[in-house]
Protein chains: 2
Amino acid sequence: MITIKDVARVAGVSTSTVSRVVRKQGKVGKTCRAKVQKVIDELGYRPNINAQALVSKKSNSLGVVIPKVSMPFFGTLACGAEEATIENNFRVLISNAHGSEQAELDAIDSLLQHRCGAIVFHSMHCSDDTLCELAEKIPGLVFINRLIPKMAHRCVWLDNNMGAQEAAKHLISNDHKNIAVISRKDVNPDAQIRLDGFRTALNNAGLPFDNELIGFGTTADMDGGKEAVSELLDSGKKFTAILSYNDNMAIGVVHELDSRGIRVPEDISVIGFDDLLISVACIPELTTMHYPVREMAHYAANLAIELADNESSSGKTHLFMPHFIERDSVNRYSA
Amino acid sequence: MITIKDVARVAGVSTSTVSRVVRKQGKVGKTCRAKVQKVIDELGYRPNINAQALVSKKSNSLGVVIPKVSMPFFGTLACGAEEATIENNFRVLISNAHGSEQAELDAIDSLLQHRCGAIVFHSMHCSDDTLCELAEKIPGLVFINRLIPKMAHRCVWLDNNMGAQEAAKHLISNDHKNIAVISRKDVNPDAQIRLDGFRTALNNAGLPFDNELIGFGTTADMDGGKEAVSELLDSGKKFTAILSYNDNMAIGVVHELDSRGIRVPEDISVIGFDDLLISVACIPELTTMHYPVREMAHYAANLAIELADNESSSGKTHLFMPHFIERDSVNRYSA
DNA sequence: CTGTTAGCGCGTTCAT
DNA sequence: ATGAACGCGCTAACAG
């Protein structure tokens with residue numbers, strides 16, 4: 001691997017000059033710059049990022065901690081973050097952390113070893129307190145898809161409550177009065193908040209809230225959706241529409257209904273949440289709430305990078321809104 | 001950030017000793033090791049990876065070049081590679097390179113700057129020659145999902161021909177005689193090979209091959225699938241089954257058929273390729289060929305890491321086989 | 001505008 | 001078994 005010294009020697013200048021040319025900063029004579037650049041090109045010299053990071057004490061890389069890149073939602077998140085790094089001439093380090101608090105902490109740790117000062121963290125298993133501690137130690141740490149009250153200015157989050165309200169309102173405005181909800185069994189703050197939003201919408205419309213119209217899935221995927229809707233169906237309770245915690249569960253719901261000969265949306269309307277790619281694969285294509293993950297991750301990455309060298313916390317709030325996407329899984333109810 | 005010197009000072013030993021303890025190698029007295037470890041834990045010392053990489057001349061990180069992590073296929077690929085890095089105590093650097101040869105070359109370049117010697121490269125836009133040149137410069141470079149004859153031992157690829165044959169055979173064994181193919185318009189080696197496999201299967205079964213039964217999509221996604229099948233349908237040609245280049249296109253096909261009131265599989269059978277998550281979201285769930293990307297990426301990552309410090313090319317071939325997944329989109333044909 | 005000097009944090013000899 | 005010294009490739013003062 002050819003080094004800055006090689007370039008300096010061949011070009012007949014000092015390493016400092018080469019360094020200046022490479023980083024395009026500092027004063028260098030026009031002819032000198034051209035000469036050095038020529039040698040750089042000829043030799044194919046590439047600065048050693050490790051050395052740069054070591055001496056300049058910053059790695060110019062952004063860490064992204066997510067459960068798993070192979071999940072489309074998180075893949076999209078990673079992509080959004082990556083977009084931001086390109087603008088900043090940064091690089092992305094993706095750390096998968098699936099299943100436990102320890103895994104998440106380890107992922108952060110690994111990023112820290114790389115000295116990446118800017119980190120976008122999607123935590124599912126750490127407590128608010130743990131996250132606060134971390135945030136204090138790492139100025140460039142930003143949380144995505146989570147609101148930590150004490151750290152609000154470091155959180156990029158979605159208004160789940162409003163999202164669920166919007167979804168419910170759309171159902172209600174289509175004359176549905178008996179609306180079931182598909183939720184997840186594990187304690188998940190988002191699920192709770194979306195449930196609250198649903199309840200609020202019902203309230204605002206003067207509709208009663210029925211606890212027995214909530215079905216819970218063990219997992220927040222297709223299987224969970226099937227499980228939850230089966231439970232609901234078997235209970236004998238009547239409903240004409242279903243608001244699902246997310247698209248994956250919603251698709252499970254559609255499959256289960258289909259297998260029981262119940263048509264969507266003719267017999268039962270279904271609305272999802274997230275607007276994953278998968279939502280258009282389903283027949284009927286899923287009406288859902290669009291979750292702007294890519295944009296949020298992009299924003300979060302920029303925030304992290306900014307925070308990492310400014311330390312200035314503007315105190316701003318970083319709240320995003322989901323928006324309604326009309327497709328084919330919701331019908332107007334006619335008794 | 002606390003350094004090895006801090007630990008050495010507090011523990012009252014030299015930095016060399018600390019270094020030995022950290023890397024668990026070299027002789028260190030038992031009590032001494034314990035003492036140092038204690039200080040490390042107390043201070044929360046983490047070695048600076050950049051410094052380690054600089055001095056040891058290896059970064060212990062694996063680069064992965066793919067078009068885009070947000071695409072489920074590539075997200076899965078990245079995950080497979082990551083699994084391998086964990087075993088090797090490596091880290092993953094994911095470089096998205098979408099759309100052009102230059103983008104791919106830049107991605108490789110960026111990885112080289114990080115001095116990651118091991119790279120898994122999914123190239124879509126570079127010529128074999130370009131790739132060969134690259135491979136010669138980078139001993140730890142491995143190509144995935146592509147066969148470069150002159151570099152076969154550095155390629156981890158899938159037998160697309162056999163895969164297409166299998167798929168076709170399944171259709172044929174279900175008494176389908178008029179089978180249409182959905183392919184992609186752009187020149188893509190895989191598409192060509194799968195077409196060959198299809199033709200071979202037809203031949204082996206003594207069935208005629210009809211050029212007009214091939215529909216081309218501009219893009220290899222749902223839209224492309226719709227486009228291609230529309231063309232076929234509008235041509236008036238008769239067929240009872242469709243073999244699709246991939247799942248995404250197959251799902252587009254199913255949607256288009258559905259919108260025309262043609263039932264799958266009752267009227268027309270459809271078989272996909274890849275076995276993406278999305279294939280079970282569709283109704284009916286897609287019968288398809290499973291593409292073991294995760295396993296292949298895992299294997300490729302290990303190979304890259306091995307090659308990066310061995311330089312030994314075993315000359316082995318790294319060929320994977322897709323396998324048939326039966327679901328609900330194929331019926332037996334009965335005239 | 002350009003070169004010299006001094007480290008960054010760490011691993012690796014080589015003594016002891 | 002342990003420490004001193006050196007250098008990895010580079011940037012950041014400081015001279016000139």
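Keep in mind it's a predicted model, so treat the numbers as computed, not measured. Protein chains get the first letters and strands the later ones, always in sequence-line order, with residue 1 at the start of each.
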Undergrad: Within this structure, what is the CG-to-P distance between A/L54 and C/dC8, rounded to whole angstrom?
TA: 9 Å
Undergrad: Nearest-Å distance, CE (A/M1) to C1' (D/dG7)?
TA: 19 Å
Undergrad: For B/K5 and C/dG11, give me the distance from atom NZ to atom C1', rounded to whole Å.
TA: 14 Å
Undergrad: Of the nucleotides C/dC1, D/dC10, C/dG3, which one has an atom closest to the side chain of A/K27?
TA: C/dC1
Undergrad: Output the rounded distance in Å from CD1 (B/I2) to P (C/dC10).
TA: 9 Å
Undergrad: With sugar-phosphate meaning primed atoms plus P, OP1 and OP2, does B/V22 contact a base, only sugar-phosphate, or nothing at under 4.0 Å between heavy atoms?
TA: nothing
Undergrad: May I ask you to verify if any side-chain N or O of B/Q52 is less than 4.0 angstrom from the OP1 or OP2 atom of C/dG11?
TA: yes
Undergrad: Using only modelled atom types and a 3.5 angstrom limit, is any donor from either the side chain of A/S16 or the base of C/dT4 paired with an acceptor on the other?
TA: yes
Undergrad: Whole Å only: how far is the NZ atom of A/K57 from the P atom of D/dG9?
TA: 19 Å
Undergrad: Remember a base hit wins even if backbone is also touched, and classify B/R20 as base, sugar-phosphate or nothing at under 4.0 Å, heavy atoms.
TA: base
Undergrad: Rounded to whole Å, how long is the line connecting atom CD of B/Q25 with atom P of D/dA1?
TA: 15 Å
Undergrad: Considering every strand and a 4.0 Å limit on heavy-atom distances, what is the contact class for B/T3: base, sugar-phosphate, or nothing?
TA: sugar-phosphate
Undergrad: Measure the acute angle between the ring planes of A/F73 and A/Y291, then classify it against the limits of 30° and 60° as parallel, tilted or perpendicular.
TA: perpendicular
Undergrad: Counting just side-chain N and O atoms, does A/S19 come under 4.0 Å of either OP1 or OP2 of D/dC10?
TA: no
Undergrad: At 4.0 Å (heavy atoms only), tell me whether B/V55 reaches a base, stays on the sugar-phosphate, or touches nothing.
TA: base
Undergrad: Write down the atom of A/C132, the atom of A/I148, and the distance for their closest heavy-atom approach.
TA: SG-CG2, 3.8 Å
Undergrad: Figure out the CG/P separation between A/D6 and D/dC8, and round it to whole Å.
TA: 11 Å
Undergrad: Mind calculating the distance between CZ (A/R23) and P (D/dG9) to the nearest angstrom?
TA: 17 Å
Undergrad: By the definition side chain to side chain contact (heavy atoms under 4.5 Å, CB included), identify the one residue from A/V156, A/D190, A/I66 that meets it with A/N145.
TA: A/D190
Undergrad: Would you call the rings of B/Y299 and B/F320 parallel, tilted or perpendicular if under 30° counts as parallel and over 60° as perpendicular?
TA: perpendicular
